[in-house]
Amino acid sequence: MTLAPRLPIRIAPSILAADFSKLGQEVCDAVEAGAEWVHLDVMDGHFVPNISFGPDVIKSLRPYTTAFFDCHLMISPADPYLEAFAKAGCDGITVHAEAGPHLHRSLQTIRSLGKKVGVTLNPATPLSAIENVLDDIDLILIMSVNPGFGGQKFIPAMVDKIRAARTMVGGRPIELEVDGGITAETIGAATAAGANVFVAGSAVYKGDGIAAYRENIARLKAAAEDGRR
Ligand code: DX5
Ligand code: ZN
């Protein structure tokens with residue numbers, strides 16, 4: 001079984017943990033501090049027990065950076081809103097396999113909108129839910145917490161799921177992203193299991209401003225690289 005060439009380590013700060021009173025500055029600071037992606041946690045209070053922000057907020061953030069906008073839709077249904085998030089400036093749109101009955105159609109729609117196609121699974125959802133759409137996606141997001149809130153503990157059982165996902169992907173150039181409870185203490189196991197993109201909210205937006213964010217991101221990257229050795 002050939003595995004895809006190792007994709008670069010990427011840190012994707014979740015702005016859910018940022019200071020909402022100055023989101024534009026917080027996005028700039030995280031990118032300036034070394035983040036490659038910006039993780040946008042969209043929550044509807046229905047699919048998850050929390051409400052965050054919608055496409056208009058993302059549209060207002062777009063001019064602040066050219067960094068990859070990695071949009072995680074924790075909404076159901078997702079299909080009626082895909083175009084709005086694409087137009088708002090998202091570069092990648094990730095939908096939950098659990099969000100509706102026609103996952104393949106949702107992925108086709110994201111592709112038709114010219115965006116990177118992502119699919120994500122809640123911790124209890126088996127990988128078999130996406131085994132038939134591997135040729136239609138660019139990214140798999142493994143939830144390592146139950147979605148809805150930042151600052152939760154990483155679920156250790158997800159390490160085996162990450163490893164199984166990497167094997168399932170085989171030689172396909174699919175980004176393997178992990179989301180929830182990623183810290184310098186947990187990122188190594190996730191990297192060793194085959195993940196290459198790491199969402200981190202509270203572990204990045206800890207301390208105040210760009211110097212702290214730079215230190216936090218550097219620690220995460222160092223721990224991720226250690227996990228690859
Ligand atoms: C949870 C979100 C995660 C979360 C990550 O529903 O999808 O992206 O904000 O926050 P931390 O890194 O603090 O667990
Ligand atoms: Zn997320």
Side-chain angles (χ1 to χ4, degrees), residues 9-20 23 26-27 30 33-55 57-58 61 67-76 78 81 85 90-99 110 116-125 139-159 161-162 165 175-191 195-207 212-213 215-217 219-221 223-224:
I9 300 277
R10 306 185 209 280
I11 302 297
S14 162
I15 64 168
L16 192 71
D19 179 343
F20 274 29
L23 264 188
E26 292 274 82
V27 165
E36 286 82 10
W37 290 10
V38 177
H39 188 77
L40 306 164
D41 278 318
V42 178
M43 301 180 178
D44 65 359
H46 168 64
F47 183 71
V48 291
N50 196 3
I51 296 174
S52 59
F53 47 81
V57 169
I58 294 172
L61 295 173
F68 187 91
F69 272 15
D70 170 37
C71 184
H72 175 193
L73 293 180
M74 288 163 275
I75 66 174
S76 167
Y81 305 97
F85 283 101
C90 297
D91 297 299
I93 299 176
T94 298
V95 291
H96 270 266
E98 309 90 347
I110 298 169
K116 288 285 181 201
V117 182
V119 64
T120 180
L121 302 166
N122 288 328
T125 305
L139 178 142
I140 296 172
L141 174 60
I142 301 286
M143 291 307 298
S144 40
V145 294
N146 288 297
F149 302 94
Q152 299 180 81
K153 278 244 165 297
F154 182 90
I155 300 171
M158 294 301 110
V159 174
K161 192 173 182 180
I162 295 164
E175 307 268 357
L176 190 48
E177 184 174 25
V178 183
D179 188 356
I182 290 291
T183 64
E185 290 69 39
T186 59
I187 198 169
T191 315
N196 71 291
V197 187
F198 303 95
V199 177
S202 42
V204 169
Y205 285 112
K206 192 171 52 179
Y213 303 163
E215 212 177 291
N216 297 337
I217 290 173
R219 277 191 72 220
L220 287 168
K221 284 187 177 175

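Remember, it's 1-based here, ligands and their atoms both numbered in the order they're listed.
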Between G180 and ligand 1, does any nitrogen or oxygen pair lie at a separation below 3.5 Å? no
Relative to the heavy atoms of M143, which atoms of ligand 1 are at a distance of less than 4.0 Å? 7 (O)
Carboxylate-amine/guanidinium contact E175 R10, below 4.0 Å: yes
Pairwise side-chain contact, V178 with M158, heavy-atom cut-off 4.5 Å (strictly under): no
Would you kindly specify which portion of P147 sits under 4.0 Å from ligand 1, judged on non-hydrogen atoms: side chain, backbone, both or neither? both
Would you mind listing which atoms of ligand 1 come within a distance below 4.0 Å of any non-hydrogen atom of V199? 8 (O)
Do the rings of Y205 and Y213 sit parallel, tilted or perpendicular, given the 30° and 60° boundaries? perpendicular
Going by heavy atoms, is A203 under 4.0 Å from ligand 1? no
For I11 and E36, the nearest pair of non-hydrogen atoms, with its separation, is N-OE1, 3.0 Å
Relative to the Zn ion (ligand 2), which of the N, O or S atoms in D41 is the closest? OD1
Under 4.0 Å from one or more heavy atoms of H39, ligand 1 contributes atoms 8 (O)
Which atoms of ligand 1 are found less than 4.0 Å from any heavy atom of S202? 11 (P), 12 (O), 13 (O)
Report, in ascending order of atom number, the atoms of ligand 1 lying under 4.0 Å from any heavy atom of H72. 7 (O)
For ligand 1, which atoms, with element, lie under 4.0 Å from some heavy atom of G148? 1 (C), 6 (O)
Counting heavy atoms only, which of V145, N122, D41 comes nearest to atom 4 (C) of ligand 1? D41
Calculate, to the nearest 0.5 Å, the distance between atoms OG1 and NZ belonging to T94 and K116 respectively. 12.0 Å
Restricting to N, O or S atoms of H39, which is nearest to the Zn ion (ligand 2)? NE2
For a quick check under 3.5 Å, do D41 and H39 share a side-chain donor-acceptor pair by atom type? yes
Checking one value in my table: which N/O/S atom of D179 lies closest to the Zn ion (ligand 2)? OD2
Closest approach to the Zn ion (ligand 2) by H72, given as the N, O or S atom name: ND1
Compute the shortest N/O to N/O distance between L16 and ligand 1 and return yes if it is under 3.5 Å, no if not. no
Under 3.5 Å between some N or O of ligand 1 and some N or O of G151? yes
Suppose I only count heavy atoms of M43 and a 4.0 Å limit; which atoms of ligand 1 are within that range? 6 (O)
Any G181 heavy atom less than 4.0 Å from ligand 1: yes
